[in-house]
Amino acid sequence: MQTNFIPIDYDSFDWQGRNYIKVIGRNEKGKRICVIDSFEPYFWAILKPNLNESQIKKLQEKVQKISFENAGRQVRILKTIVEEKNFLSQPVKAVKIFINNYKDAHPVADHLDLPEIDKRRDYDIPIITRYIIEKQLLPLNWYSIKGEVLDNSDDFGGIGKALDVDLCLKVDSITPLVKSNPASFPLITLKKSVSESEPIFQPKVLAFDIETEEFEIGKGEILMISLAGKNFQKVLTWKKCKKLPDFVECFKNEEEMLEAFVKYIKSYSPDILTGYFSDGFDLPYLRARAQKLGVKLSLGLDESQPSFSRGRVLTAKLSGITHVDLFRFIETAYSQYLQSETLSLNEVSKELLNEEKHEFGKQLKKGMTISTEEEWQNFFAYNLQDSVLTYKLFEKLWYDMSEFCKVIQEPLFNVTRNGMSQLVELYLLHNLIKFNEIPEKRPLHNEISERMTLGKYEGAFVFRPTPGLYNNLAIFDFTSMYASVIVTYNLSKSTFLEKKEKNALEVDLGKSKAYFSKEKGFFPALLEEIIKKRKQFKTEFKKSPSPILKARSNAFKLIANAAYGYQGFFGARYYCREAAASTAALARKNILEVIEKIKKAGYEVIYSDTDSIALLLGKKTKQNVLDLLKKINSELPGIMELDLEEFYKRGIWVAKRTGEFGAKKKYALLDEKGKLKIRGFETVRRDWCSLARELQNQILKLILNEGNEQKALEVFKKTVKELKERKIDKKDILIRTQLKKPLSEYKAISPHVIAARKMMEKNEPVNIGMLVEFYISEVRSEKEKKLVREKVKLPDEKGEYNIKYYLEHQLIPAVENIFDGFNINIKEIVDGKRQMKLGEF
DNA sequence: GCTTTCGCTGTACC
DNA sequence: ACTGGTACAGCGAAAGC
């Protein structure tokens, strides 16, 4: 039997003590297919150098004899093969040790503490990753599978009968159909367009969302569940209503609603079940209620219930259906491209889809109780809307997720949950084979602790600006600077040298020196490939824009940008502090040299941060600047590249609040199209009230656009007047701060902690990661209640805003140093006014 | 009892 | 614990006078 196949979901299982892999996917006709494949587990014992043939033979015999019991299995060595491999770019002899069950790899490795063996490796990589590397059955790529039909077979405990699939095959052979894996694309431009060369796969997706009585997991009842897919929208409830809209289905009780939920998912038969924060809320809640009510939540294709794993956060897995929590993906990989301050479904949908949640949600959040018929109707519509938005968001993000999947060669489930360091590591692991490299082990607990004690190394260079308003600027920046430094100078764990060697690169780290081999290491080599591919797909995208190309170029960019942080991350297999410190040091050296060159060419450099430089055009032309850029580029080492980011009409830098120095990481620019680029100012900080943020934004606009500080001053005075006349809306004076840890762990009791405590008292949900909202109110006696936290009130708490606080701690600080640049002293103006007012009496 | 300094905390930049 | 370092600024409490 032969079928075409695109793998989506991967799982492993044991049968008669051996490992098997179960891959669920589709064929080109949309039939659901399960592929069962064998897996031959092995790991490596790297030999000490200079062992002779007979010593190795003897060792192999010794290893073959190892036998013990582990977890009810008799562990035996199936065979051993000696191979020439590389480890950390050094040639080694290694014994490939085959065993029955991969779960025994670690215990067997522990039994191999022998004098002939230098290191044991490749026993600690997740089994699915190992399988994908071994068999090259890559996620979301098309294959032709030949195999034996298991549909009515009792093999593997009758898995073919038990699974809810159209076809179940035991693999005989796997043949790739198209070269659609971007990691293996040749570095030449593809002749065909993406859509021609790769059949686009659109998975069957079902989005869901629940509404509950209480926020605490399992505490209250689940009132309703909504589902949204292609041409499919439904709300399930058990709350009786007289007049139900078409999309609502009412059940006798919560149990029956849960059973119907399972039934609908089965009949829709999605590849992907998606939710928003469903790892942490919807699925745990469903599990808790199902348990309590004795309902089986058999969502898996094998009738299994969701399984939960506890990491830093809860993760919910279904068997055969990939559960995607969009929030997790957005948080790790996508949030840096978003303006949204909270990453709530509401805000993210607004930004990405230009659609808002139902108005009803806002009232609901305020703790309204549902009683009238109309309110229930609204509630149903609101619930459905959440699933619809989630479904649309999934569609919007699908290419980003699927391209990530293909680039990293890991299943969707992992790719949407792993952090950037893990993704970088997985990318490396999947590509080591090109270098005949044996993977490094994960650091042990003591190694991690050791690495953590080392503290920081010197990072980026930031230029201290002189406060002021500047005209006609250009900004240069290095493309993927740290990544290109790593590639150019060959900085990595495997190229790091303990001692100075002939021909080695010497990097000055201030207190010490680090040395690196000039022989290309696999880490810089892979990174170079990543950067080149990023460039290739970016160029291709510009030629023929498609969301796939954009997502693919973006995936490579994200990996490239995370590579530097990875080498400095204590949990990394290829951790190398010296490489990370050297990367930062050489980046500093390069940017300082370029700054010197720009100055020598007759320009004034006014700012620089890490990989960018701001300079004044002065009497030079744009063409002069471009020529200079060309000249600098011709002199840059390796693959390093300086780009023109943009020309700007005007820019402003301000002084620090304390001292007369210019503040770093705080500036605003106006480009030639009249667009503002604001960095670091309160305008872009979510922990300032919108009154202060909007005022600052207006003032920056007036000053940059028109150079009109007097008009800006009038705007300021007007706002102050409104504040004093209590004309400001409460929503504009709310301060939002994130709760970063459990309330009890705070050593410093700041205003937001008090606000959270107040919420606790009112039985409102208080979770880590949530944004706490509050305002500062007037108090009877400022003398008795001096501390800000003593004036904290929740948004719906009765009270008046504190005029003095908002003036002195929000409005003035937000604009003070901007006006300072024009020798306008805001404080004097405000104080002067106050005296005048007193005089009026 | 007031001012200065410092640690804690959150957020942003790259 | 789940990429890195740099920087600013508010708040509250300790330190300094």
Side-chain angles (χ1 to χ4, degrees), chain A residues 311-313 315 328 331-333 336 341 417-425 442-443 445 448-449 451-452 455-465 477-478 480-483 486 558-572 574-577 579-581 583-585 587-588 591 607-613 645 654-659 661-667 677-688 735-741 745-754 771-772 776 786-792 805 808-810 813-814 816-817:
Chain A
R312 192 169 48 93
V313 281
T315 294
R328 296 278 300 264
E331 193 186 24
T332 53
Q336 52 181 307
E341 282 166 15
R417 285 174 178 80
N418 289 341
M420 284 314 295
S421 72
Q422 256 176 310
L423 294 179
V424 170
E425 190 155 284
R442 209 183 284 139
H445 211 276
I448 291 182
S449 329
R451 292 172 182 184
M452 285 172 85
K456 289 185 174 185
Y457 55 84
E458 191 180 346
F461 165 72
V462 188
F463 190 104
R464 167 99 34 221
D477 63 5
F478 282 93
S480 299
M481 189 188 210
Y482 281 14
I486 292 171
L558 280 172
I559 309 266
N561 286 344
Y564 155 72
Y566 172 80
Q567 297 204 95
F569 169 49
F570 53 79
Y574 294 103
Y575 170 81
C576 184
R577 196 174 186 276
T583 307
R588 286 196 304 272
I591 202 158
Y607 187 61
S608 166
D609 184 350
T610 313
D611 60 355
S612 69
I613 302 168
E645 197 254 340
V654 297
K656 274 176 59 160
R657 198 87 77 223
T658 48
F661 295 119
K664 297 174 177 181
K665 300 188 185 285
K666 223 173 171 183
Y667 59 90
K677 179 174 167 176
I678 300 179
R679 293 290 119 102
F681 273 111
E682 283 74 6
T683 303
V684 297
R685 293 184 61 95
R686 70 171 179 192
D687 56 348
W688 281 67
I735 294 166
R736 290 171 201 84
T737 316
Q738 194 182 22
L739 202 65
K740 293 267 218 187
K741 51 189 174 188
E745 279 177 29
Y746 279 93
K747 285 177 201 157
I749 309 304
S750 46
H752 85 290
V753 175
I754 293 296
L771 275 190
V772 179
I776 304 304
K786 272 188 202 150
L787 298 179
V788 177
R789 67 172 177 221
E790 292 169 322
K791 304 171 203 173
V792 165
Y805 177 84
E808 289 174 8
H809 292 258
Q810 295 274 332
E816 189 175 24
N817 42 22

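Chain letters run A, B, ... following the sequence lines, proteins first and then strands; every chain starts at 1.
- Counting any heavy atom pair closer than 4.0 Å across all strands shown, A/Arg464 reaches sugar-phosphate atoms only and no base atom.
- Atom-to-atom, CD of A/Glu331 to C1' of C/dT3 comes out at 14 Å; the value is rounded to the nearest Å.
- Taking for each of A/His809 and A/Val462 the nucleotide of DNA chain C with the nearest heavy atom, the 5'-most of the two is the partner of A/Val462.
- When distances are taken from the side chain of A/Lys656 to each of C/dG10, C/dA9, C/dA13, the shortest belongs to C/dA9.
- For the P atom pair drawn from B/dT9 and C/dC2, the interatomic distance equals 16 Å after rounding to whole Å.
- With rounding to whole Å, A/Met452 atom CE is found 14 Å from C/dG4 atom C1'.
- Counting only heavy atoms from C-beta outward, the side chains of A/Glu341 and A/Arg736 never approach each other to under 4.5 Å.
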> How would nucleotides 1-12 of chain B be written as a contact map, 5' to 3', with B for base contact, S for sugar-phosphate-only contact and - for no contact, using protein heavy atoms under 4.0 Å?
Replying inline: -------SSBBS
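- When side chains are defined from C-beta on, A/Ile776 does not count as touching A/His809, because their heavy atoms never get closer than 4.5 Å.
- Listed nucleotides C/dT6, B/dC13, C/dC8 differ in distance to A/Asp609; the shortest reach to its side chain belongs to B/dC13.
- Proximity note for A/Leu787 (side chain, C-beta onward) versus C/dG4, C/dA13, B/dC14: the nearest is C/dA13.
- A/Ala580 comes within 4.0 angstrom of nothing in the nucleic acid, heavy atoms only.
- Contact annotation for A/Gln567: no contact, since no heavy-atom pair falls under 4.0 Å across all strands.
- Comparing atom distances between the A/Tyr667 side chain and each of C/dG5, C/dA9, B/dC13 picks out B/dC13 as nearest.
- Residue A/Lys741 qualifies as enclosed at atom NZ: its count of foreign heavy atoms under 6.0 Å is above 12.
- Side-chain contact between A/Leu558 and A/Met420 is present, with at least one heavy-atom pair separated by less than 4.5 Å.
- The distance between atom CG of A/Asp477 and atom C1' of B/dC13, rounded to the nearest whole Å, is 13 Å.
- Within 4.0 Å of A/Phe461, counting heavy atoms only, lies no atom of the nucleic acid at all.
- When side chains are defined from C-beta on, A/Gln738 counts as touching A/Arg686, because their heavy atoms get closer than 4.5 Å.
- Contact check, A/Arg442 against C/dA1: no side-chain N or O comes under 4.0 Å of OP1 or OP2.
- For the pair A/Glu790 and A/Asn817, both in contact range of DNA chain C, the more 5′-proximal nearest nucleotide belongs to A/Asn817.
- Contacts of A/Ile749 with the nucleic acid, taken as non-hydrogen atoms under 4.0 Å apart, involve only primed sugar atoms and P, OP1 or OP2.
- Here A/Tyr805 lies in heavy-atom contact (under 4.0 Å) with sugar-phosphate atoms only.
- Rounded to a whole Å, the CD1 atom of A/Ile448 is 12 Å from the P atom of C/dT3.
- Aromatic ring pairs are classed by plane angle as parallel below 30°, tilted from 30° to 60° and perpendicular above 60°; the pair A/Phe463 and A/Phe461 is perpendicular.
- Nucleic acid contact class of A/Gly459 (heavy atoms, under 4.0 Å, all strands): sugar-phosphate only.
- Across C/dT6, C/dG12, C/dC2, the shortest atom-to-atom separation from the side chain of A/Pro751 is found for C/dG12.
- Here C/dT6 presents its C1' atom at 9 Å from OH of A/Tyr607, a figure rounded to the nearest Å.
- Per the geometry, CD belonging to A/Glu816 stands 11 Å off P belonging to C/dA9, to the nearest Å.
- For A/Ile735 and C/dA9, the CD1 to C1' distance is 13 Å, given to the nearest whole Å.
- Looking at A/Tyr607 and A/Lys665, their side chains come closer than 4.5 Å, going by heavy atoms from C-beta outward.
- Within 4.0 Å of A/Lys664, counting heavy atoms only, lie sugar-phosphate atoms of the nucleic acid but no base atom.
- Here C/dT3 presents its P atom at 16 Å from CZ of A/Arg417, a figure rounded to the nearest Å.
- The side chain to side chain contact (heavy atoms under 4.5 Å, CB included) check on A/Asp477 picks up A/Ser612, A/Asp643, A/Glu645, with sequence neighbours excluded.
- A heavy-atom distance below 4.5 Å is found between the side chains of A/Arg464 and A/Lys664.
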